[in-house]
**Student:** 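Here it is, the structure, as structure tokens.
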Amino acid sequence: MKALTWRSKGKITCETVPDPKIEDGRDAIIKVTACAICGSDLHLLGGFMPTMQSGDVLGHETMGEVVEVGAENSRLKPGDKVVVPFTIACGACRQCRWGNWSCCERSNPNGAKQAETFGYPLSGLFGFSHITGGYAGGQAEYLRVPYADVGPIKVPAGIDDEKVLFLSDIFPTGYQAAEYCEITPEAEKTIAIWGCGPVGLMAIKSCFLLGAKRVIAIDTVPERLALAQQAGAEVIDYAVDSVQDRLIDMTDGRGPDAVIEAVGMEAHGHESMLDTLASAVMSKTTSMERPFALNQAIIACRPGGIVSMPGVYAGPVNAVMVGVLMNKGLTLRTGQTHVQRYLSPLLERIERGEIDPSFIISHRSTNLEDGPALYEKFRDKADGCTKVVFKPHG
């Protein structure tokens with residue numbers, strides 16, 4: 001089968017690789033009908049994620065048609081259409097029973113290695129390095145889904161793939177980030193969001209679904225700012241305005257009640273005095289992760305507020321403003337998304353017509369051989385590229 005593979009830093013290729021096979025009785029094999037490039041895939045392209053190996057199949061936003069199931073899997077059958085969560089979970093360990101699906105204790109076969117860095121094993125992830133399990137990803141014609149009797153959600157007939165594909169990651173990720181802000185219609189909260197990429201845009205929509213009074217979005221890419229406005233947000237172009245000054249002005253000096261940092265490890269931005277100090281510290285270290293957006297969000301959040309951080313970081317981050325976080329009494333909430341927790345309620349919102357996540361798609365292809373060029377286009381934000389979707393079988 002064809003698949004997009006990681007070769008080295010900055011190099012992704014389309015290759016012919018072996019077809020996946022059933023390896024466990026709970027497995028399923030799906031024929032991939034739609035898959036997407038995620039912003040966190042760009043961290044792999046940039047060489048920011050350790051333990052990648054040449055030839056690893058990429059991709060963790062995937063859905064498709066079940067073509068084969070293991071002998072112990074009675075939940076799925078050939079012909080079912082399913083969306084596959086990017087987090088792989090066993091469904092039986094204590095973390096899964098608690099609903100902390102991305103903290104599954106059993107699904108990462110390399111958990112002992114991961115524990116050397118994180119203290120404990122976490123869930124396996126599709127297409128996202130060997131420290132997270134070395135599982136082949138779904139930017140391919142077919143995908144093996146472990147623990148397929150737990151993770152995938154069946155999609156009713158008649159719903160277009162593009163409306164439900166993002167249940168695999170970015171819609172639940174944006175929703176969890178918004179939920180962490182403790183939004184209710186009665187609270188009339190103002191939320192500020194750094195980053196209007198796919199997760200940031202889903203967070204905007206999710207904030208309004210939960211009852212936010214106002215959402216203010218920060219970015220500098222015109223296409224992203226336009227989509228944020230279409231989603232109902234007020235916008236700040238950080239390359240034009242002082243973000244802190246604008247937020248103070250827009251909120252009559254009170255500041256946003258909660259902030260969402262949806263940028264992560266490759267943040268860029270104009271620097272405040274504290275950012276300049278942080279940059280000087282970072283220049284003397286080996287950290288590749290730049291917390292400009294995170295620091296700006298910490299400063300901007302009103303005292304006693306919430307910092308929600310869905311942005312992905314891989315390792316140590318230098319010069320984070322922990323003193324500001326502590327002295328302002330802020331609550332920091334973060335983590336990989338517990339996707340399985342949100343699948344059914346978010347699918348119901350899509351079915352009711354409350355949201356159509358496909359609004360973010362800018363580029364489509366039916367040929368995985370277009371993948372390397374589209375990865376670069378997405379990375380470079382060229383040609384108005386905000387989200388790429390592949391349909392490998394046409």
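The basis for the numbers below is simple: all heavy atoms, side chains too, and nothing from hydrogens, waters or symmetry mates.
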**Student:** Do any N or O atoms from the side chain of D356 and from the backbone of K163 form a donor-acceptor pair under 3.5 angstrom?
**Tutor:**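 Not a single qualifying donor-acceptor pair exists.
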**Student:** Less than 4.5 Å apart, any side-chain heavy atom of K2 and any of N367?
**Tutor:**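 A side-chain contact exists here, since the closest heavy-atom pair is under 4.5 Å.
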**Student:** Testing the basics here: between N108 and S123, what is the closest heavy-atom pair and its distance to 0.1 Å?
**Tutor:**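 Of all heavy-atom pairs spanning N108 and S123, the closest is CB-C, 4.2 Å.
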**Student:** Under a 3.5 Å threshold, yes or no: a donor from one side chain and an acceptor from the other, between Y238 and Q296?
**Tutor:**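 Q296 and Y238 do not have a side-chain donor-acceptor pair below 3.5 Å.
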**Student:** Work out which heavy atom in L44 is nearest to a heavy atom in M49; give both atom names and the distance.
**Tutor:**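 Taking every non-hydrogen atom into account, CD2-CB, 3.3 Å.
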**Student:** Could you pull out the closest heavy-atom pair between A293 and E261, with the gap in Å?
**Tutor:**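 Between these two residues, the closest heavy atoms are C-CG, 3.9 Å.
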**Student:** Passes side-chain contact (heavy atoms from CB on, under 4.5 Å), E68 versus I22? Steps please.
**Tutor:** CA-CA 8 Å; E68 187 179 0; I22 296 289; 3.5 Å; yes
**Student:** So does T33 get a backbone contact from the side chain of K81, meaning a donor-acceptor N/O pair under 3.5 Å?
**Tutor:**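 Looks like no, no N/O pair under 3.5 Å.
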**Student:** Would you check if the side chain of S362 reaches a backbone N or O of K387 as a donor-acceptor pair within less than 3.5 Å?
**Tutor:**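 Checking the backbone N and O of K387 against the side chain of S362, a donor-acceptor pair under 3.5 Å is found.
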**Student:** Identify which one of T62, T366, L374 satisfies the side-chain contact (heavy atoms from CB on, under 4.5 Å) criterion when paired with F390.
**Tutor:**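 That would be L374.
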**Student:** Decide whether Y120 and Q95 meet the rule of one side-chain donor and one side-chain acceptor closer than 3.5 Å.
**Tutor:**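 No pair is found: no donor N or O on one side chain lies under 3.5 Å from an acceptor on the other.
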**Student:** Looking only at atom types and distance, does a side-chain atom of R75 sit under 3.5 Å from a main-chain N or O of P152, one as donor and one as acceptor?
**Tutor:**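 Yes, R75 side chain to P152 backbone: donor-acceptor pair under 3.5 Å.
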**Student:** Side chains of L343 and V339: closer than 4.5 Å at any heavy-atom pair?
**Tutor:**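 Result yes, sub-4.5 Å side-chain heavy-atom pair found.
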**Student:** Do R26 side-chain atoms and C90 backbone N/O form a donor-acceptor pair below 3.5 Å?
**Tutor:**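 Flag set: sc R26 to bb C90 pair under 3.5 Å.
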**Student:** Start with the C-alpha distance between I37 and Q139, add both sets of side-chain angles, then the distance that settles side-chain contact (heavy atoms from CB on, under 4.5 Å), and finish with yes or no.
**Tutor:** CA-CA 8 Å; I37 302 175; Q139 290 169 7; 4.1 Å; yes
**Student:** Are V155 and I29 connected, step by step, through hydrophobic side chains (Ile, Leu, Val, Met, Phe, Trp, Tyr) whose heavy atoms are closer than 4.5 Å?
**Tutor:**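 No; tracing contacts between hydrophobic side chains, which count when under 4.5 Å, never links both residues.
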**Student:** Looking at every non-hydrogen atom in both residues, tell me the closest pair between F378 and C385 and how far apart they are.
**Tutor:**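 That closest heavy-atom pairing would be CA-SG, 3.7 Å.
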**Student:** Treat each ILVMFWY residue as a node, draw an edge where side-chain heavy atoms are under 4.5 Å apart, and state whether V259 and L294 are in one component.
**Tutor:**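 Same cluster.
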**Student:** Could you give the distance from CZ (F126) to CZ (R144), rounded to the nearest 0.5 Å?
**Tutor:**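 Between F126 CZ and R144 CZ, I get 8.0 Å after rounding to 0.5 Å.
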**Student:** Is there side-chain contact between I153 and S344, with heavy atoms separated by less than 4.5 Å?
**Tutor:**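 The answer is yes; the side chains approach within 4.5 Å.
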**Student:** Of all the heavy-atom pairs spanning Y175 and R349, show the shortest one and how long it is.
**Tutor:**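 Looks like OH-NH2, 3.5 Å.
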**Student:** Could you see if I30 belongs to whatever hydrophobic cluster contains V389? Use Ile, Leu, Val, Met, Phe, Trp, Tyr and a side-chain cutoff under 4.5 Å.
**Tutor:**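 Different clusters: I30 never reaches V389 through Ile, Leu, Val, Met, Phe, Trp or Tyr contacts under 4.5 Å.
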**Student:** Taking the side chain as C-beta and beyond, is there a heavy-atom pair between V69 and K77 under 4.5 Å?
**Tutor:**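 No - every pair of side-chain heavy atoms lies 4.5 Å or more apart.
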**Student:** Considering non-hydrogen atoms only, spot the tightest contact between H60 and S40 and give its length.
**Tutor:**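 For H60 and S40, the tightest heavy-atom pair comes out as CE1-OG, 3.2 Å.
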**Student:** Using 0.5 Å steps for rounding, measure from the CD1 atom of I216 to the CZ atom of R246.
**Tutor:**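 One gets 8.0 Å once the value is rounded to the nearest 0.5 Å.
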**Student:** Would you find a donor on one side and an acceptor on the other, under 3.5 Å apart, between the side chain of D257 and the backbone of T190?
**Tutor:**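 It does hold such a pair.
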**Student:** I'd like to know if I306 and I191 are part of one continuous hydrophobic network [Ile/Leu/Val/Met/Phe/Trp/Tyr, side-chain heavy atoms within less than 4.5 Å].
**Tutor:**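 In one cluster: no.
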**Student:** For side-chain contact (heavy atoms from CB on, under 4.5 Å), just list the numbers for T87 and T337, CA-CA rounded to whole Å, side-chain angles, deciding distance to a tenth of an Å, and then say yes or no.
**Tutor:** CA-CA 8 Å; T87 47; T337 310; 5.7 Å; no
**Student:** Quick one: OH on Y180 to OG1 on T331, what's the gap to the nearest 0.5 Å?
**Tutor:**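 One finds 13.0 Å between OH of Y180 and OG1 of T331.
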**Student:** For H393 together with Y142, are the ring centres under 6.0 Å from each other?
**Tutor:**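 Yes; H393 has its ring centre under 6.0 Å from that of Y142.
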**Student:** Quick one, I299 and M321 - any side-chain contact, counting heavy atoms below 4.5 Å?
**Tutor:**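 A side-chain contact exists here, since the closest heavy-atom pair is under 4.5 Å.
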**Student:** To the nearest 0.5 Å, what is the distance between CZ (F128) and CG (D41)?
**Tutor:**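 Separation between the atoms: 7.0 Å.
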**Student:** Taking C-beta and beyond as the side chain, do P198 and T173 meet within less than 4.5 Å on heavy atoms?
**Tutor:**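 Not in contact.
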**Student:** Hey, does the side chain of T51 reach the backbone of H130 with a donor-acceptor pair shorter than 3.5 angstrom?
**Tutor:**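 Yes, the answer is positive, given that a donor and an acceptor are paired below the 3.5 Å cut-off.
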**Student:** Roughly how far, to the nearest 0.5 Å, is CD1 of I193 from CD1 of I236?
**Tutor:**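 With rounding to 0.5 Å, CD1 (I236) is 12.0 Å from CD1 (I193).
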**Student:** Decide yes or no for V263 and F292: does some side-chain heavy atom of the first lie under 4.5 Å from some side-chain heavy atom of the second?
**Tutor:**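 Not touching, per the 4.5 Å side-chain cut-off.
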**Student:** For S365 and V388: C-alpha separation, side-chain torsions, deciding distance, then whether side-chain contact (heavy atoms from CB on, under 4.5 Å) applies.
**Tutor:** CA-CA 8 Å; S365 174; V388 178; 5.8 Å; no
**Student:** Side chain of Q340, backbone of P85: donor and acceptor closer than 3.5 Å?
**Tutor:**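 Looks like no, no N/O pair under 3.5 Å.
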**Student:** Can you measure from SG (C196) to CD1 (I218) and round to the nearest 0.5 angstrom?
**Tutor:**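 Result: 7.5 Å between the selected atoms.
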**Student:** Carefully, step by step, assess E162 and K391 under the rule salt bridge (Lys or Arg N to Asp or Glu O under 4.0 Å).
**Tutor:** CA-CA 10 Å; E162 291 187 354; K391 296 183 178 179; 3.4 Å; yes
**Student:** Could you walk me through whether H363 and D370 pass the side-chain hydrogen bond (donor to acceptor under 3.5 Å, both in side chains) check?
**Tutor:** CA-CA 11 Å; H363 289 65; D370 295 334; over 6 Å; no
**Student:** So do L165 and F171 actually touch side chain to side chain, heavy atoms under 4.5 Å?
**Tutor:**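 Not touching, per the 4.5 Å side-chain cut-off.
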**Student:** Keeping D149 on the side-chain end and S74 on the backbone end, is there a donor-acceptor pair under 3.5 Å?
**Tutor:**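 No, because the side chain of D149 does not come within donor-acceptor range (under 3.5 Å) of the backbone of S74.
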**Student:** Is it the case that the side chain of K381 and the backbone of V221 share a donor-acceptor pair, with hydrogens and angles ignored and the cut-off at 3.5 Å?
**Tutor:**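 No; judged by distance alone, with no hydrogens or angles, the pair does not exist.
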**Student:** For a side-chain contact (heavy atoms from CB on, under 4.5 Å) with T5, tell me which candidate from V57, L58, I12 qualifies.
**Tutor:**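 Result for side-chain contact (heavy atoms from CB on, under 4.5 Å) with T5: V57.
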**Student:** Check whether more than 12 heavy atoms from other residues, nucleotides or ligands sit under 6.0 Å from atom NZ of K113, and answer yes or no.
**Tutor:**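 Atom NZ in K113 is not crowded, with 12 or fewer foreign heavy atoms closer than 6.0 Å.
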**Student:** L247 and V235: same hydrophobic cluster, using ILVMFWY side-chain contacts below 4.5 Å?
**Tutor:**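 No; tracing contacts between hydrophobic side chains, which count when under 4.5 Å, never links both residues.
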